[in-house]
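Heads up, the thing below is written out as structure tokens.
Each chain gets a letter, A, B and so on, in the order the sequences are listed, and its residues count up from 1. Only this structure's heavy atoms are used, side chains among them; waters, hydrogens and symmetry mates stay out. As the structure is a computational prediction, the values presented were derived from the model and not from experiment.
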Protein chains: 2
Amino acid sequence: MGNEFRVDREMVVGAYTELVRQMSAKRIRRLAEHLRSRELSLNQYSILNIVHYEEGCSSIQLANRLQLKAASITYLVDSLEKRKLVTRVENPEDRRSHTIHLTEEGLELVCVPENHAEMFGMFEQLGQDELEMLYLAMRLIRSKCLGEEQEH
Amino acid sequence: MGNEFRVDREMVVGAYTELVRQMSAKRIRRLAEHLRSRELSLNQYSILNIVHYEEGCSSIQLANRLQLKAASITYLVDSLEKRKLVTRVENPEDRRSHTIHLTEEGLELVCVPENHAEMFGMFEQLGQDELEMLYLAMRLIRSKCLGEEQEH
DNA sequence: TATTGTTATACTCTATAACTATA
DNA sequence: TATAGTTATAGAGTATAACAATA
């Protein structure tokens, strides 16, 4: 019989677009919940996140990453410093500049709890073959389609 | 020979989490760009979006969907009405209430251009077999894992 | 001179509370 | 009384411009 069913790139693009829309919606909802309950704005959270993954970061770097003006970064870092979530440390190599670091308390807010049970639940209905297909497909997307993406 | 390589749910959850992170990052970046260039805030855009898909919508509905107070909706809708992106129409069934509709100009801003060329480019390296596997996997996720999600 | 970052100020967005009009 | 929405006001977040300290 063979496979008369033809999948073309147009179909894949359509399916991908719709999938990203749905997957993102779920993820964004969980993040929003996390931020509301911790009384963090999105940009405050992003600063914690970037500082965490960069293991220390200057104002200028934050301004570039977040597409905000330096003055806004000063305001936001002030607000985080008051809550003892970050500290400014002098940069010995350039005395104009400070490096922003996470405190222990800041570190605790960076991780959005994944709700592991819910994640597991998502894949509950899948059999072993389906799990394997999915896993291969996801690895394929990451290696051949998403390319150099690496955002924290 | 068989397939000795075992994929378990833990691996699938891990791969899925990472994939969503990367896919969302790309999508969010494009949306942010769209909004910046159109001088729309995220909530202004969300209002256009909801009003579009609901084909007209009351303030209360918007407040619920966006988790904002009624006064904030008034402010945002005012700002959109001044730019002639939406109109308030009296609701004949309840004279306290207005229905918010998109104008032609508003409609133009709702669609975030998908950058079709870039999307196509993403799947450029895939052969026919890979395209088919991907397509099936994406349909599988939507039908068996994401469930009832339907967000606009 | 150029760069890093802060301060002063104004504008946008959001919440709270008091209010109007209608149900 | 309750509900849909607005107005007035205060506080958070962001941008612009002027500035200080350092490169």
How many whole angstroms separate atom [atom1] of [X] from atom [atom2] of [N]?
X	N	atom1	atom2	answer
I60(A)	dA23(D)	CD1	P	15 Å
L66(A)	dA15(D)	CG	C1'	15 Å
I73(B)	dT7(D)	CD1	P	15 Å
L62(B)	dA4(D)	CG	P	13 Å
I100(B)	dT6(D)	CD1	C1'	13 Å
Q61(B)	dG5(D)	CD	C1'	14 Å

Results of salt bridge (Lys or Arg N to Asp or Glu O under 4.0 Å) for R96(A) - residues two or more places apart only: D94(A)
Sequence neighbours left out, what passes salt bridge (Lys or Arg N to Asp or Glu O under 4.0 Å) with E124(B)? Give chain and number order. none
Sequence neighbours excluded - salt bridge (charged side-chain N to carboxylate O under 4.0 Å, His left out) pairs with any residue from residues 82-91 of chain B: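 Of all non-adjacent pairs touching residues 82-91 of chain B, those that pass salt bridge (charged side-chain N to carboxylate O under 4.0 Å, His left out) are D78(B)-R88(B), E81(B)-R88(B).
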Pairs flagged by salt bridge (charged side-chain N to carboxylate O under 4.0 Å, His left out) wherever residues 34-48 of chain B is involved - sequence neighbours left out: none
Could you tell me which residues satisfy side chain to side chain donor-acceptor pair (under 3.5 Å) with [X], sequence neighbours excluded, listed by chain and number?
X	answer
R30(A)	E118(A)
T99(A)	none
N64(A)	none
S97(A)	none

So which of residues 80-90 of chain B are in contact with DNA chain D, with a heavy-atom cut-off of under 4.0 Å?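 R88(B), in order of number.
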Generate the contact string for nucleotides 7-17 of chain C. Rules: B means base contact, S means sugar-phosphate contact only, - means no protein heavy atom under 4.0 Å. B----SBBBB-
Using a cut-off of 4.0 Å between protein heavy atoms and nucleotide atoms, how would you tag nucleotides 18-23 of chain C 5' to 3' with B, S and -? ---BBS
Donor-acceptor contact below 3.5 Å, side chain H34(A) vs main chain L109(A): yes
Test log, rule side chain to side chain donor-acceptor pair (under 3.5 Å), inputs Y45(A) and N49(A): CA-CA 6 Å; Y45(A) 175 77; N49(A) 209 326; 3.2 Å; yes
Got a list of side-chain donor-acceptor pairs under 3.5 Å for residues 11-18 of chain A, not counting sequence neighbours?
residue : atom : partner : partner atom : Å
T17(A)  : OG1  : V13(A)  : O            : 2.7
E18(A)  : OE1  : R21(A)  : NE           : 3.2
E18(A)  : OE2  : R21(A)  : NE           : 3.4
E18(A)  : OE2  : R21(A)  : NH2          : 2.5
E18(A)  : OE2  : Q22(A)  : NE2          : 3.3

